[in-house]
Peer 1: 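Dropping a structure here in structure tokens format, bear with me for questions.
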Amino acid sequence: MARAQFSAETSGGGGAFVRQPNRFTGRVTADSTSPPGGGPDEQDRWPLEAGRYRLIWCRACPWAHRARIVRGLLGLDDAISLGTVDPIRDERGWAFALDPDGFDPVLGVSFLSEAYLATDPDYTGRVTVPALVDTLTGRVVTNDYPQLTLDFSTEWRPLHRAGAPDLYREAQRPEMDALMAEIHTDVNNGVYRCGFATSQQAYDEAFRALFARLDVLSERLAGQRYLMGNAITEADVRLFTTLVRFDAAYHGHFKCNRNKLTEMPVLWAYARDLFQTPGFGETVDFDHIKRHYYGTHREINPSGVVPLGPDESGWRTPHGRG
């Protein structure tokens, strides 16, 4: 049976948190040699078909949230259907408890783990979101969240809306890839390295790396509106989904408490700028975020009590960045 929660198996040497690798790494590509309706070709490439695949996400999860944002910005809403799991998960994992009768209306399953086990009956890792699922077979194509959104920008280009932004501009990719790798290590995953550290040393190292990186990003953003210049890119999406959860979850729950986001002026203004951009703020659900983090990580918050704060009204205040 697949695991639902982070466990000792994700704790590396010295009490450091080590995230499990992504199990399913298939890709939907424009150059797949499989015919329409076919499975993956010999290179694990699935055919590009509008309406065939379903993106499963959770409003609480930052990794899934980035896929939801990119899908919307590129106008892929009609090409890729959307399934939403409940923010509270137990030992059975992500559940479709938000849907009538507790079943995803397209996949016909109650738990995302059913699709994982249909793809790999021997799978024993944690079930994660986002997951792109083939609606014809019920198999998971990919849970490789870093590659998924890049493919949305590149492989899915024939299905983009007219005027869709280029979130992964080819000329900027070397610099953007390096920047996103730093953000992933120190910020996106860095908050988890703080929260799930089981030794003081591991926590201290993660904490210092997190805030050192936030300071560097703040300096970068003090002189330009977005991370790569004057246009939103994939890098901004990836940073945003961590920043928007920072005060609501990571500052207290994960002990990332040198500063709140609201106490870091440049990053707070930058995050509000993105929040108020169509395609970002309307996808944020602070209730789901807080209920998930505080309600499911019982090793960190044994009582399961969910905080009432912080005040969310500041997200709509003027940001002064454009």
Peer 1: Look only at the side chain of R161 and the backbone of L73, and say whether a donor-acceptor pair between them is shorter than 3.5 Å.
Peer 2: yes
Peer 1: What I want to find out is whether R157 reaches E170 closely enough, with some N-O distance under 4.0 Å, to be called a salt bridge.
Peer 2: no
Peer 1: State whether the side chain of E219 and the backbone N or O of V216 hold a donor-acceptor pair below 3.5 Å, judged by distance alone.
Peer 2: no
Peer 1: Which distance, rounded to the nearest 0.5 Å, do you find between the CZ of R66 and the CZ of R238?
Peer 2: 4.5 Å
Peer 1: Would you kindly confirm whether L150 and W63 end up in one hydrophobic cluster when ILVMFWY residues are joined by side chain heavy atoms under 4.5 Å apart?
Peer 2: yes
Peer 1: Does some side-chain heavy atom of I56 sit less than 4.5 Å from a side-chain heavy atom of V85?
Peer 2: yes
Peer 1: How are the rings of F275 and W315 set to each other: parallel, tilted or perpendicular (split at 30° and 60°)?
Peer 2: tilted
Peer 1: Any donor and acceptor pair, going by atom type alone, linking the side chain of D186 with main-chain N or O of A212 inside 3.5 Å?
Peer 2: no
Peer 1: Would you call R173 and D177 a salt bridge, taking side-chain N to carboxylate O under 4.0 Å as the test?
Peer 2: no
Peer 1: Mind running side-chain contact (heavy atoms from CB on, under 4.5 Å) on Y53 and D134 for me, showing each step along the way?
Peer 2: CA-CA 5 Å; Y53 304 99; D134 174 33; 4.0 Å; yes
Peer 1: Side-chain donor-acceptor pair under 3.5 Å between T29 and W46, yes or no?
Peer 2: no
Peer 1: Going by ring-ring contact (aromatic ring centres under 6.0 Å, His included), Y250 matches just one of F211, Y294, Y293. Which one?
Peer 2: Y293
Peer 1: Okay, side chain of Q147, backbone of R27: is any donor-acceptor separation there less than 3.5 Å?
Peer 2: no
Peer 1: Determine whether a donor-acceptor pair (N or O, by modelled atom type, separation under 3.5 Å) exists between the side chain of E312 and the backbone of F286.
Peer 2: no
Peer 1: With a 3.5 Å cut-off and no angle check, do the side chains of R169 and T233 form a donor-acceptor pair?
Peer 2: no
Peer 1: When you compare the side chains of S34 and D41, does any donor N or O come within less than 3.5 Å of an acceptor on the partner?
Peer 2: no
Peer 1: Verify the distance criterion only: is there a donor paired with an acceptor across the side chains of T149 and E234 at less than 3.5 Å?
Peer 2: yes
Peer 1: Ignoring hydrogens and geometry, is there a side-chain-to-backbone donor-acceptor pair from R54 to L82 under 3.5 Å?
Peer 2: yes
Peer 1: Say whether, by atom type as modelled, one donor and one acceptor occur between the side chain of R193 and the main chain of T185 under 3.5 angstrom.
Peer 2: yes
Peer 1: Please confirm whether the backbone N or O of D273 pairs with a side-chain atom of Q276, one donor and one acceptor, at under 3.5 Å?
Peer 2: no
Peer 1: Taking D77 first and then R71, would you say they form a salt bridge - that is, a charged N and a carboxylate O separated by under 4.0 Å?
Peer 2: yes
Peer 1: If a pair satisfies ring pair (Phe, Tyr, Trp, His ring centres under 6.0 Å) and one of its residues is in residues 214-244, list it, with sequence neighbours excluded.
Peer 2: F240-F280
Peer 1: What I want to check is whether the side chains of N143 and T128 have a donor and an acceptor closer together than 3.5 Å.
Peer 2: yes
Peer 1: Closest approach of C58 and D86, non-hydrogen atoms and distance?
Peer 2: SG-O, 4.1 Å
Peer 1: Indicate, with yes or no, if L261 and V244 share a hydrophobic cluster defined by side-chain heavy-atom contacts under 4.5 Å among Ile, Leu, Val, Met, Phe, Trp and Tyr.
Peer 2: yes
Peer 1: For the pair Y123 and F24, name the ring-plane relationship: parallel under 30°, tilted 30 to 60°, perpendicular over 60°.
Peer 2: tilted
Peer 1: Please tell me whether F111 and L132 are part of a single hydrophobic cluster in this structure, the criterion being side-chain heavy atoms less than 4.5 Å apart.
Peer 2: no
Peer 1: Can you confirm whether the side chains of Y270 and D236 place a donor and an acceptor under 3.5 Å from each other?
Peer 2: yes
Peer 1: With no hydrogens and no angle check, do the side chains of T142 and D144 hold a donor and an acceptor under 3.5 Å apart?
Peer 2: no
Peer 1: Tell me if a side-chain donor or acceptor on E114 pairs with a main-chain N or O of S110 at a distance below 3.5 Å.
Peer 2: yes
Peer 1: Counting only N and O atoms by type, is there a donor-acceptor contact under 3.5 Å from the side chain of S199 to the main-chain atoms of G14?
Peer 2: yes
